[in-house]
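Everything below concerns the one structure shown next.
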There are 2 protein chains.
Amino acid sequence: MELPISGRKDKSLSAEKTEAILAGGMQEFLAHGYAATSMDRVAIAARVSKATVYSHFQDKESLFTALIRRLVEQRFRSLFNDAEAEVLHTPPEIVLRAFANRALDMGTQEPQFLNFMRIILGESGRFPQLARTFVSNVEQTSFKMLCQYFKECPYLKLADPEATARIFVGAIVHFLIVQEMLHGKDIVPMERDRLIDTLVNLIVANHQ
Amino acid sequence: MELPISGRKDKSLSAEKTEAILAGGMQEFLAHGYAATSMDRVAIAARVSKATVYSHFQDKESLFTALIRRLVEQRFRSLFNDAEAEVLHTPPEIVLRAFANRALDMGTQEPQFLNFMRIILGESGRFPQLARTFVSNVEQTSFKMLCQYFKECPYLKLADPEATARIFVGAIVHFLIVQEMLHGKDIVPMERDRLIDTLVNLIVANHQ
DNA sequence: GTCTATAGGCGGATAGAC
DNA sequence: GTCTATCCGCCTATAGAC
């Protein structure tokens, strides 16, 4: 009756519970925010007792920061996969459009991504270290990847690749924020492709 | 001993209390967020009793939405004053740089503006109507003003003024979010003028 | 390690005096 | 209209059995 891998009924292991608590905490914190989430509901969502939660994490703040840090460093780290070598021989319009679409798909298809961003932004005043971890892992990674492409692509000779990369990412992320996060699609409508085309044209037409 | 204008000691007026409650609520909600703010502390900050708060506002949610709506519609509505006629005869580089600097100054000099943005973004899932009010009053206003300038300026002939306006605002706002709101200045340093120059050059060099 | 049960406090909201 | 005093539920965190 022993099931060494999983599905076991005895309660002797702790790593499984830790995962369950993190999963339950993720569900609750992403849905309700930090202050409005209760440890009772985290325990229920994790299917453990509240005392078990407190035996794995010192307090509510520790659970929250451990959880968000994990999301930043693992789950939402790679907005973009590493570019393959062949992209350097692909027209920049194609590469940049794919880059933009990948980022926007994250916001529209990954169901928890918008709530994750809401937490990072909304709690950036009370949890500045989490915000910095986000900048290091997500924003900086995007800037570097795009900037490296700008520098290496033989078809592009930009005056300031670093600043251009930030403009590109900024235009895309702000579009995502206004249209999806702030529910602005019906108030300031704009086709995604129209923004991307204009953005790509600005950059491709402007290499020296 | 009557002071008809202000400073009166009797408690017969209500509009003054309403203002005091809104001011106290603004202080508390902007500092701690919606869920972490208690009506006790709002009452203390407003220097009235908690019962008085509840005689002016039905519940916590009503006070919060009334307060944020007022901030959106009055205090932070005009990121930019209406353009004067002479700007059309000023070089676009100057006008666009001034526009960008005005927006970034709001984030760095108006002390409560970042907390205001944190609330709008962080609560946009639970208070979607507040987010839409923000889009209508702040984002849409910026887009329209910049777009109108793009269309009227005799030195600029842009292929898609609407999309270009959104790229411009997006690059600026995202810069503000990463550097100031998310405390990214030391992680991904970038001079403000460097971003603005690159952005302005992209647009000015690209009119058809 | 995990549970049930509970401590102790603070939350939103209201009753009733003046 | 405004106050003081209070209700009662839920909150974080822990004690103690197993």
Side-chain angles (χ1 to χ4, degrees), chain A residues 2-4 6-68 119 123 126-127, chain B residues 2-4 6-68 119 123 126-127:
Chain A
E2 277 258 356
L3 295 174
S6 72
R8 54 198 301 165
K9 286 278 161 64
D10 72 288
K11 315 278 176 57
S12 60
L13 276 188
S14 178
E16 285 180 12
K17 302 270 179 182
T18 304
E19 285 306 310
I21 293 164
L22 286 168
M26 184 175 86
Q27 188 186 84
E28 295 298 315
F29 281 120
L30 288 185
H32 307 111
Y34 177 74
T37 291
S38 77
M39 295 296 261
D40 288 82
R41 295 171 69 170
V42 170
I44 292 170
R47 297 173 151 272
V48 299
S49 74
K50 192 160 56 164
T52 299
V53 176
Y54 277 96
S55 77
H56 286 250
F57 296 92
Q58 196 182 21
D59 54 19
K60 184 181 177 181
E61 193 171 311
S62 298
L63 170 58
F64 178 69
T65 55
L67 170 59
I68 299 296
I119 293 256
E123 300 298 335
R126 286 169 290 275
F127 295 93
Chain B
E2 275 258 355
L3 296 173
S6 71
R8 53 199 299 165
K9 284 282 161 60
D10 73 289
K11 314 282 176 55
S12 61
L13 276 188
S14 177
E16 285 180 12
K17 302 271 181 183
T18 304
E19 285 307 309
I21 293 164
L22 286 167
M26 184 175 87
Q27 189 187 88
E28 295 298 315
F29 280 121
L30 288 185
H32 307 110
Y34 176 74
T37 292
S38 77
M39 295 296 262
D40 288 82
R41 295 171 67 171
V42 170
I44 292 169
R47 297 173 151 271
V48 298
S49 75
K50 192 159 61 161
T52 300
V53 176
Y54 278 98
S55 78
H56 286 250
F57 296 92
Q58 196 182 22
D59 53 17
K60 184 182 177 181
E61 194 172 311
S62 299
L63 171 58
F64 178 68
T65 55
L67 170 59
I68 298 295
I119 292 255
E123 299 297 337
R126 284 169 291 275
F127 294 93

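Chain identifiers are assigned alphabetically (A, B, ...) following the order of the sequence lines, protein sequences preceding nucleic acid strands; residue numbering begins at 1 within each chain.
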Is any side-chain heavy atom of B:I119 closer than 4.5 Å to one of B:F127? no

Calculate the interatomic distance between B:F57 atom CZ and D:dG1 atom C1'; express it in whole Å. 15 Å

Indicate for each nucleotide in nucleotides 12-18 of chain D, in 5' to 3' sequence, whether protein heavy atoms under 4.0 Å reach the base (B), only the sugar-phosphate (S), or nothing (-). BBBB---

With sequence neighbours left out, the residues meeting side-chain contact (heavy atoms from CB on, under 4.5 Å) with A:S49 are A:A51, A:T52

Whole-Å distance, B:H56 NE2 to C:dT14 P, equals 16 Å

Calculate, to the nearest 0.5 Å, the distance between atoms CG and NE2 belonging to B:L22 and B:H56 respectively. 10.0 Å

Whether the side chain of B:K60 engages the backbone of B:Y34 through a donor-acceptor N/O pair (distance < 3.5 Å, no angle test) should be reported. yes

For C:dC3, take OP1 and OP2 only and decide whether either is under 4.0 Å from a side-chain N or O of A:S49. yes

For A:K50, enumerate each residue passing the side-chain contact (heavy atoms from CB on, under 4.5 Å) test, keeping only those at least two apart in sequence or located in another chain. A:M39, A:D40, A:A43, A:Y54

